[in-house]
Amino acid sequence: MARVVVTGKIPKPALDILRRAGHEIDAWDSEEQQPREQLLEQVAGAEALVTLLTEKVDDELLDAAGDQLKVVANVAVGYNNIDVKACRSRGVVATNTPGVLTDATADIAMALILMASRRLGEGERIIRSQTPWQWGMFYLLGSGLQRKTLGVVGLGAIGAATARRARAFGMNILYSSRSKADSALENELMAHRVDMDTLLAESDVISLHCPYSPATHHLMGAEEFAAMKSSAYIVNTARGPVIDEAALVEALKSGEIAGAGLDVFEDEPEVHPGLLECENAVLVPHLGSATIETRTAMATLAADNAVAMLDGEDPPTPIR
Ligand code: GLV
């Protein structure tokens, strides 16, 4: 019987997997984040950690857990909260949850594209604040998506699923990616791989789907916004720091770009105060994977990863 520490509240079916495997579960049972000091105590003696993306898994946490630790099973596809190198150097396997949140996240990306380009946030605020309004020929006009170009930054599973949705709305697809996508996928999406400069210059909407790493820190900054069309939108469902938020505020306020749809922020849960002043920014609180089905699938996959490692088997989705 291994000690499994679950650092945040997760859906019951995932806890059931861990229990059925016969492990001793120590699970934080509140949606409030556990204070770090307490977390450092909680992880002591764990053979498996099931972590949320709000938990920083670094040397300090790994040391606090101890040498018996075998696996860190992150309940997220993004794993910038985990120092994977530090895990490897201790022989700890880290896992994530790819695949199961692809559609939910692409849905949110498409929703943000629609909300930003059709000014739905502004419209909602007008109604809710009981601001007088009237149908008008030129009232709150946005931009249509048909025959426009979506630039996908990072054509992984979520980028491709977003592109598929955009195709259904009549958009053409450009993408930039470290490697060329399969020809079958390119053909299906009628997608063309271009360099970042071309993508910035030609896209009417840019949607970010790259992982966050030092290489993608502030990938979108002042220069990049200046290179976009003034009629273009930027959408981020990846990780906040891929965008330089201060530069984005400037670009939104000066009209350098038309609008933004953000699900993620540079310093979550803080939001740059300048963004709050931008009517042309749609801001939602990191909801990419927030459906009951998806969160359950993510947590059960993380539990499967933990159980497999504890049983001496290959986990289904290790971070490579
Ligand atoms: C959510 O942001 C995730 O990475 O799973």
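Indexing begins at 1, ligand by ligand and atom by atom, following the structure's order.
If you check the side chains of His272 and Glu266, you find no donor sitting under 3.5 Å from an acceptor.
Side-chain atoms of Leu49 and Gln42, non-hydrogen and from C-beta on, never get closer than 4.5 Å to each other. Residues Ser203 and Leu150 have side chains not in contact (no heavy-atom distance under 4.5 Å, counting atoms from C-beta outward).
Residues Val92 and Leu310 do not share a hydrophobic cluster, clusters being chains of Ile/Leu/Val/Met/Phe/Trp/Tyr side chains in contact below 4.5 Å.
Judged as a side chain to side chain contact (heavy atoms under 4.5 Å, CB included), and not counting sequence neighbours, the contacts of Val194 are Leu174, Thr198, Leu199.
For ligand 1, the protein residues placed under 4.0 Å by at least one non-hydrogen atom are Leu53, Ala76, Val77, Gly78, Leu101, Arg239, His286, Met298.
Other residues, nucleotides and ligands place more than 12 heavy atoms under 6.0 Å from the CD atom of Gln146.
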